Amino acid sequence: MIAAISWVPKGVAKSVPAEADPPSKEEIEQILKSGLFDKREDSDDEEAEEDMNVDESEENEDDEVAIALAAADALGKATQVASAGTDDIIDGLKELDMDNYDEEEEGIELFGSGLKDLYYASNDMDPYLKDKDNDSEEDDDMIIRPDDFVIVCASNEDDVSHLEIMILEDLSDAETNMYVHHALIIPAFPLCTAWLDCPIKGGERGNFIAVGSMEPAIEIWDIDIIDEVQPSVILGGIADIKRKGKKKSIKYKKDSHKDAVLGLSWNKEYRNILASASADHTVKVWDVTTEACNLTMNDHTDKVQAVAWNIFAPQILLSGSFDHTVCLKDGRKPSHSGFKFSVGADVESLAWDPHSEHSFVVSLENGTVTSFDIRAASSASTSEIKPSFTIHAHDKAASSLCFNPLVPNLLATGSTDKMVKLWDLTNNQPSCIASRNPKAGAVFTVSFSDDCPFFLAIGGSKGKLQLWDISSEDAVLKKYGKYVAQKKQSPKS
């Protein structure tokens, strides 16, 4: 499944991403002590209790397997090791005979009959280099060109979670090509992402993805590095796990979330600031450069599913919860209770209107989409704030929504009913102008591209990224033809 999608602004990604340095011995030891291995042990506790009576030789073999699995897990290859079977791992370790590694016989064995097999007058004569052209094509595929679109998909397949960095390239006016450029294996099931360019590693700008998952930590990954095994920054998380018999106590890092991170929002004005929403009922504001939590807000009584900064007033933050409310807070006045907007079901997603600083929409678990004007809120008001409109958009949960960055009043919604719909919201009188089943399964995320605003990326339970060129829809051309003409060169824009 694809849980979240983030577009990377055009031209930001490095043309040739760097190769990750192999982890040092100290880094591997740190990974093994980080608690990832403890999670594997937790899931295997029952099996361990059943196998308490194994003999000493079996215990030694199990220790070797455990070390191999932990190291492979830390390097993102746990599934490959597990699929080999424990017997194969044990046999492989014995065959390597690492204890006697330095005691091999002297001399060099040549795989051939003499010098003539080792030397050729030119590379063109060497049969082992006959695929040189293929190698150059592969090298060419690794180049990210300035006109390429980069899309990051947070997904899970066969219990392996990863970030897929995908390239969308234009081949002609009517044809595009999309492929996975590289992927990063991540340790926990992803739930949300946010792209940010804050220069965490120095310089003027970076290219990072923040990931919220089923774990309390927020990981920030450098997507300009291939085969990276550790995030650049970790915000919060578990500091230590202590066990006493069957009981365990968890110690969290200072100011950490204590449950899954369900929503993230990067502040484009204050580029070091990231907001997070959690199942622990809190909203936190982080400084990614200092890796510290600057503010914790406790305005909800249930899981907080979504957060969003206002692009016009970047100190204003929205949060939506399973307690059937949306809360508006000013980060400069954290002691203020803020303003509450009541909705009819659990909040699934919310978004500020990029063409109107006073309006936002929220999608709900019951399939409805509701809009509010924040000017209706007042500290003196005691009555419930009335919405600008409410529409029954889908038959199941309206899991995701996204405003078009170019066209005013154009909103896309996605649902677990497998449908994606386009809405015209002019004069607060919404009408559906196009709908499609993109064959993505239950839809979990939809996202317009800022650089190519008529491309809508769609992710869902089938795990395959889908793209909808909405400019091909007659209703879109009829309603928004002038905007389509303005971006006619898309996706070359």
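Throughout, numbering of the chain's residues begins at 1 and tracks the sequence. This is a predicted model, so every value here is computed, not measured.
The side chain to side chain contact (heavy atoms under 4.5 Å, CB included) test with Trp7 singles out one residue from Trp195, Phe455, Phe448, and that residue is Phe455. When each of Ser256, Ser276, Pro231 is paired with Ile218, the side chain to side chain contact (heavy atoms under 4.5 Å, CB included) condition holds for Ser276 and for no other.
The closest donor-acceptor contact from the side chain of Lys248 to the backbone of Ile241 lies at 3.5 Å or more, if one exists at all. Judged by distance alone, with hydrogens and angles left aside, the side-chain atoms of His182 form a donor-acceptor pair with the main-chain N or O of Ile223 at under 3.5 Å. With hydrogens and angles ignored, the 3.5 Å screen pairs a side-chain donor or acceptor of Ser399 with a backbone N or O of Val443. Checking side-chain atoms of Asp197 against main-chain N and O of Arg205 turns up no donor-acceptor pair under 3.5 Å. Judged by distance alone, the side chain of Trp352 and the main-chain N or O of Ala308 form a donor-acceptor pair under 3.5 Å. In this structure, the side chain of Ser435 does not engage the main chain of Lys421 through any donor-acceptor pair within 3.5 Å. Here the side chain of Asn366 pairs no donor or acceptor atom with the backbone of Ala345 at under 3.5 angstrom. Between the side chain of His355 and the backbone N or O of Asn404, at least one donor-acceptor pair lies under 3.5 Å. A donor-acceptor pair is defined here as one N or O able to donate and one able to accept, closer than 3.5 Å; such a pair exists between the side chain of Asn310 and the backbone of Glu357. In terms of modelled atom types and a separation under 3.5 Å, the side chain of Ser232 and the main chain of Trp221 share no donor-acceptor contact.
Proximity of Leu410 to Ile433: side-chain heavy atoms (C-beta onward) are separated by under 4.5 Å at one or more points. In this structure, the side chains of Trp468 and Glu473 come closer than 4.5 Å at one or more pairs of heavy atoms. Taking the side chain as every heavy atom from C-beta outward, Val484 and Phe454 approach each other to under 4.5 Å. A 4.5 Å side-chain heavy-atom check between Phe322 and Thr301 finds every atom pair outside the cut-off. In this structure, Ser155 and His162 have side chains that are in contact, with non-hydrogen atoms separated by less than 4.5 Å. The shortest distance between side-chain heavy atoms of Met166 and Leu465 falls below 4.5 Å. A 4.5 Å side-chain heavy-atom check between Asp395 and Ser415 finds every atom pair outside the cut-off. Ile311 has its side chain within reach of Pro354: a pair of non-hydrogen atoms, C-beta onward, lies under 4.5 Å apart.
Rounding to the nearest 0.5 Å gives a distance of 8.5 Å between CG of Leu317 and SG of Cys327. Residue Leu411 holds its CG atom at 8.0 Å from SG of Cys402, rounded to the nearest 0.5 Å. Note that NE2 of His300 and NE2 of His281 are 11.0 Å apart. Values are rounded to the nearest 0.5 Å. Taking CD of Glu348 as the start and CG of Leu262 as the end, the distance is 10.0 Å to the nearest 0.5 Å. For the atom pair Ser388 OG and His358 NE2, the distance stands at 12.0 Å (nearest 0.5 Å). For the atom pair CZ (Phe341) and CD1 (Ile385), the distance works out to 4.0 Å, reported to the nearest 0.5 Å.
What you find for Lys418 and Ala442 is that their closest heavy atoms are CG-N, 3.9 Å. For the pair Pro17 and Ile226, the tightest heavy-atom approach, listed with the atom from each and the gap, is CB-CG1, 3.8 Å. For Ser363 against Ser400, the heavy-atom pair with the smallest separation is OG-N, 4.3 Å. Here the closest non-hydrogen pair linking Ala217 and Val261 is O-CG2, 4.2 Å. Closest approach of Ser471 to Val476, counting heavy atoms only: CA-CG1, 4.4 Å. The two residues Ile273 and Asp287 come nearest to each other via the heavy atoms CD1-CA, 4.4 Å.
Atom CE of Met214 has 12 or fewer neighbouring heavy atoms from other residues, nucleotides or ligands inside a 6.0 Å radius. Counted within 6.0 Å of NZ on Lys396, heavy atoms from surrounding residues, nucleotides or ligands total 12 or fewer; the atom is thus considered open. For Lys340, the NZ atom counts as densely surrounded, since its 6.0 Å shell holds more than 12 non-hydrogen atoms of other residues, nucleotides or ligands. In Lys201, the NZ atom is crowded: over 12 heavy atoms of neighbouring residues, nucleotides or ligands sit closer than 6.0 Å. Within 6.0 Å of NZ on Lys303 lie no more than 12 heavy atoms contributed by other residues, nucleotides or ligands. By the 6.0 Å contact criterion, NZ on Lys258 is enclosed, its count of non-hydrogen atoms from other residues, nucleotides or ligands being greater than 12.
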Trace of the side-chain contact (heavy atoms from CB on, under 4.5 Å) decision for Val283 with Thr296: CA-CA 6 Å; Val283 172; Thr296 298; over 6 Å; no
Evaluation steps, side-chain contact (heavy atoms from CB on, under 4.5 Å), between Arg271 and Trp266: CA-CA 7 Å; Arg271 294 162 49 213; Trp266 174 55; 3.8 Å; yes
Worked check of side-chain contact (heavy atoms from CB on, under 4.5 Å) between Ile151 and Ile5: CA-CA 7 Å; Ile151 311 169; Ile5 294 170; 3.6 Å; yes
Candidate pair Phe360 and Val326, rule side-chain contact (heavy atoms from CB on, under 4.5 Å), full reasoning: CA-CA 10 Å; Phe360 70 88; Val326 174; 3.9 Å; yes
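A donor and an acceptor atom, one from each side chain of Asp451 and Ser449, are nowhere located under 3.5 Å apart. Between the side chains of Asn156 and Ser161, at least one donor-acceptor pair of N or O atoms lies under 3.5 Å. Of the N and O atoms on the side chains of Asn177 and Glu169, at least one donor lies less than 3.5 Å from an acceptor on the other residue.
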